[in-house]
Amino acid sequence: MAATIIDGKEFAGRVRAQVARHVDRLKSDHDITPGLAVVLVGTDPASDVYVRSKGKMTREVGMKSVEHRLDAATSEAELLNLIETLNAAHDIHGILVQLPLPRHINEDLVINAIDPAKDVDGFHISNVGMLSTGQKAMVPCTPLGCLMMLRDHHGSLSGMNAVVIGRSNIVGKPMAQLLLGDSCTVTIAHSRTKDLADVVRRADIVIAAVGRPEMVPGDWIKPGATVIDVGINRLDAPERGAGKTRLVGDVDYESCAAVAGAITPVPGGVGPMTIACLLANTVTACCRANGLSEPEGLTA
Ligand code: GUN
């Protein structure tokens with residue numbers, strides 16, 4: 001049977017609509033407008049596209065969007081000063097510093113300077129600790145989006161075998177914590193894992209987050225398993241014309257879709273969920289800061 005395609009674009013639209021309804025309510029009932037500040041240092045073209053897109057979608061759901069674009073030569077001290085100002089700003093509920101930062105700036109220092117309550121990326125060491133100890137945390141956006149899609153597709157994830165391929169701080173590790181929180185039996189696989197094929201074949205849920213194009217073939221997938229592809233890799237596609245490219249994930253879509261029970265496509269799977277979850281986290285942070293009830297279904 002053909003796999004169900006989990007449509008992240010459509011799902012993200014629903015999440016944004018829910019966020020927008022909550023923003024309306026915060027404005028009308030409490031005279032509060034959630035605000036998100038995004039900080040970009042330098043002119044990396046990919047980061048510039050992300051930041052633009054974040055700003056546009058923030059405004060579309062009715063929130064306040066503030067962008068700080070700083071010169072690549074900005075010092076660490078200047079960036080830390082800006083973060084201190086944003087931490088103290090009452091109209092800013094979420095702060096995101098776009099990564100990567102220029103090499104002369106210590107990323108960990110900057111991330112941990114953000115007020116954990118405003119850390120909508122969920123990268124602050126306090127939020128990492130809160131998540132791993134099962135306390136109320138700000139949760140990284142990409143894993144949160146994956147969790148939402150899994151819960152929507154399966155209902156309960158309790159007792160399922162989940163394999164996360166990739167051990168990054170942004171996706172792999174928090175994803176494993178979230179799955180553990182939903183009572184999955186979790187394996188984190190990585191570049192040194194022995195017999196990765198065998199490990200993946202035992203999984204009811206496969207999360208591929210390694211950043212290697214099409215590395216998971218269909219014959220690694222247990223029949224009926226759910227495959228969540230976090231990879232976004234751009235490959236040359238001369239067959240489409242000179243200079244053309246195409247986006248592929250970390251799984252070989254055609255062969256995996258032939259075996260899986262459900263699968264996320266690339267593009268249109270996990271990608272659109274990441275910004276939707278950033279908006280969801282900003283509303284959540286705003287509600288928590290004001291002692292108000294959080295939107296249902298938008299948190300872990
Ligand atoms: N750069 C690439 N992905 C991310 C992300 O999720 N958050 C931040 N802050 N920077 C990124």
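One-based numbering, in listed order, for ligands and for the atoms of each. What's counted below: heavy atoms across the whole structure, side chains too, no hydrogens, waters or symmetry copies.
- Put simply, the side chain of Asn127 gets close to the backbone of Met138: a donor and an acceptor are under 3.5 Å apart.
- By the 3.5 Å distance cut-off applied to N or O atoms, Thr274 is not counted among the residues near ligand 1.
- In this structure, Val283 and Val61 have side chains that are not in contact, with every pair of non-hydrogen atoms separated by 4.5 Å or more.
- Within 6.0 Å of atom CD in Glu254, 12 or fewer heavy atoms from other residues, nucleotides or ligands are found, so the atom counts as exposed in its surroundings.
- Under 4.0 angstrom from ligand 1, the non-hydrogen atoms of Phe123 all belong to its side chain.
- For the atom pair OG (Ser255) and CD1 (Ile221), the distance works out to 8.0 Å, reported to the nearest 0.5 Å.
- When each atom of ligand 1 is checked for a heavy atom of Leu96 under 4.0 Å away, the hits are 9 (N).
- Contacts with ligand 1 closer than 4.0 Å are made by backbone heavy atoms (N, CA, C, O) of Val97 only, the side chain lying farther away.
- Both the backbone and the side chain of Leu99 come within 4.0 Å of ligand 1, judged by heavy-atom distances.
- Not a single protein heavy atom sits closer than 4.0 Å to atom 3 (N) of ligand 1.
- What sits closest to atom 6 (O) of ligand 1 on the protein, heavy atoms only, is Asp121 OD1, 3.8 Å.
- Using a 4.5 Å cut-off on side-chain heavy atoms (C-beta onward), Val110 and Leu101 make contact.
- Side-chain contact of Thr4 with His153: a donor-acceptor pair under 3.5 Å is absent, judged by distance alone.
- At least one N or O atom of Gln98, backbone or side chain, sits closer than 3.5 Å to an N or O atom of ligand 1.
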